[in-house]
Structures are given as C-alpha cells and as structure tokens.
Asker: 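Here you go, one structure.
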Amino acid sequence: MAAGRRRGPVSLESLDDAVFKMMHDGDFPAARVLDGIATARQVGLWPIKINMVVKRGLNVDSVLPMARHFHGSGIILRFIEYMDVG
C-alpha cells in the first residue's frame with residue numbers, strides 16, 4: 001500500500017495441482033497462490049479478484065470446486081473464456 005496498490009487481480013485456473021501446473025507451466029502448487037491471497041487479504045488489499053481462464057478439455061471440471069471454495073468469502077471469482085488466437 002505504500003507503493004499505492006490497494007488491489008490487484010490474481011490468476012488461478014484450478015485448485016487441483018496437476019491442472020494448475022499444466023495451465024501455468026510452473027512447478028509450484030495452487031496452495032501457494034491461495035496463501036498469497038490470504039496474505040493479501042491480511043494486509044488490506046481489497047477487493048481481491050480471481051481471474052479463472054476456462055479452457056475446454058483442461059479445467060472445466062475445476063469451475064464448481066473454485067465456485068464452492070470462494071463462495072461467501074467476499075472474493076470475486078471471474079470466469080474468463082479461453083480464446084485461442086494463434
């Protein structure tokens with residue numbers, strides 16, 4: 001907040017580590033992102049918005065678990081349709 005930031009979007013495509021790692025081409029678990037979200041909330045970053053890019057065949061099965069996880073938390077979960085432009 002000293003840097004002037006009070007909020008920012010977070011990208012999280014799945015709570016399932018295998019799906020999360022595949023979509024982000026990374027080697028850290030989704031729990032690390034969830035920890036970052038919790039920390040952001042603790043330091044007063046608000047509102048927190050989660051961007052979930054939904055890609056058929058990869059993470060469609062993650063939509064309901066994500067909705068259940070964030071339901072009632074006050075965190076805004078936004079579903080973004082994957083658009084293959086290449």
Side-chain angles (χ1 to χ4, degrees):
M1 291 193 278
R5 297 289 305 193
R6 298 204 184 281
R7 61 190 169 122
V10 177
S11 180
L12 182 63
E13 274 62 52
S14 180
L15 299 172
D16 179 278
D17 283 335
V19 174
F20 174 78
K21 288 177 182 180
M22 181 177 16
M23 291 197 71
H24 284 274
D25 197 28
D27 194 27
F28 59 91
R32 191 164 157 195
V33 177
L34 294 172
D35 290 344
I37 292 167
T39 300
R41 192 173 201 171
Q42 288 172 352
V43 299
L45 294 176
W46 198 258
I48 297 172
K49 297 178 182 179
I50 309 294
N51 292 334
M52 179 184 182
V53 175
V54 180
K55 187 172 181 183
R56 186 181 337 179
L58 284 180
N59 68 334
V60 171
D61 292 341
S62 296
V63 170
L64 285 177
M66 289 277 287
R68 287 184 188 114
H69 182 83
F70 291 106
H71 178 74
S73 68
I75 293 173
I76 300 162
L77 178 60
R78 302 187 292 188
F79 299 104
I80 301 169
E81 179 184 8
Y82 173 80
M83 308 256 321
D84 186 5
V85 295

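None of these values were measured; they are calculated from a predicted model.
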Asker: Using the rule that two of Ile, Leu, Val, Met, Phe, Trp, Tyr join whenever any of their side-chain heavy atoms come within less than 4.5 Å, decide whether Met52 and Phe28 are in one cluster.
Answerer: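 Same hydrophobic cluster.
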Asker: Is there a side-chain contact (heavy atoms from CB on, under 4.5 Å) between Trp46 and Ile75? Walk through the geometry before answering.
Answerer: CA-CA 9 Å; Trp46 198 258; Ile75 293 173; 4.1 Å; yes
Asker: Identify whether Leu12 and Ile48 are in the same connected component of the hydrophobic contact network (ILVMFWY, side-chain heavy atoms under 4.5 Å).
Answerer: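 As far as the 4.5 Å side-chain criterion goes, Ile48 and Leu12 are connected within one cluster.
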Asker: Donor-acceptor pair, distance only, cut-off 3.5 Å: does the side chain of Asp17 make one with the backbone of Ala30?
Answerer: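 At least one qualifying donor-acceptor pair exists.
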Asker: Using modelled atom types and a 3.5 Å cut-off, is there a donor and acceptor pairing between side-chain atoms of Asp16 and backbone atoms of Val19?
Answerer: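 It does hold such a pair.
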Asker: Is Leu15 reachable from Leu64 through a run of hydrophobic residues whose side-chain heavy atoms are each under 4.5 Å from the next?
Answerer: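 Leu64 and Leu15: separate clusters.
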Asker: Which heavy atom of Arg41 sits nearest to which heavy atom of Ser73, and what is that distance?
Answerer: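 Smallest interatomic distance, heavy atoms only, reads NH2-O, 2.6 Å.
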Asker: Ignoring hydrogens, what is the shortest heavy-atom contact between Val33 and Ser11? Give both atom names and the distance.
Answerer: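 Residues Val33 and Ser11, closest heavy atoms: CG1-O, 4.2 Å.
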Asker: Output yes when a side-chain donor or acceptor of Asn59 lies under 3.5 Å from a complementary backbone atom of Ser14, and no otherwise.
Answerer: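 Side chain of Asn59 to backbone of Ser14: no pair is present.
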Asker: Rounded to the nearest 0.5 Å, what separation is found between the NZ atom of Lys55 and the CG atom of Asp84?
Answerer: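 It is 6.5 Å, given to the nearest 0.5 Å.
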Asker: Can you tell me how far the CD atom of Glu13 sits from the CE atom of Met22, to the nearest 0.5 Å?
Answerer: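 The CD atom of Glu13 sits 11.5 Å away from the CE atom of Met22.
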Asker: Determine whether Phe20 and Val63 fall in the same hydrophobic cluster, where Ile, Leu, Val, Met, Phe, Trp and Tyr are linked whenever their side-chain heavy atoms lie under 4.5 Å apart.
Answerer: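 As far as the 4.5 Å side-chain criterion goes, Val63 and Phe20 are connected within one cluster.
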Asker: Any chance you could pull the hydrophobic cluster mates of Val53, using side-chain heavy atoms under 4.5 angstrom and chaining through other members?
Answerer: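 Other cluster members: Ile80, Tyr82.
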Asker: What pair of heavy atoms forms the shortest contact from Pro9 to Arg78, and how long is it?
Answerer: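 Where Pro9 meets Arg78 most closely, the heavy atoms are CB-NH2, 4.0 Å.
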Asker: Compare every heavy atom of Pro65 with every heavy atom of Asp61, then report the nearest pair and how far apart it is.
Answerer: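 Result for this residue pair: O-CD, 3.3 Å.
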Asker: State plainly whether one hydrophobic cluster holds both Met23 and Leu34, where clusters connect Ile, Leu, Val, Met, Phe, Trp and Tyr through side-chain heavy atoms under 4.5 angstrom apart.
Answerer: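 In one cluster: no.
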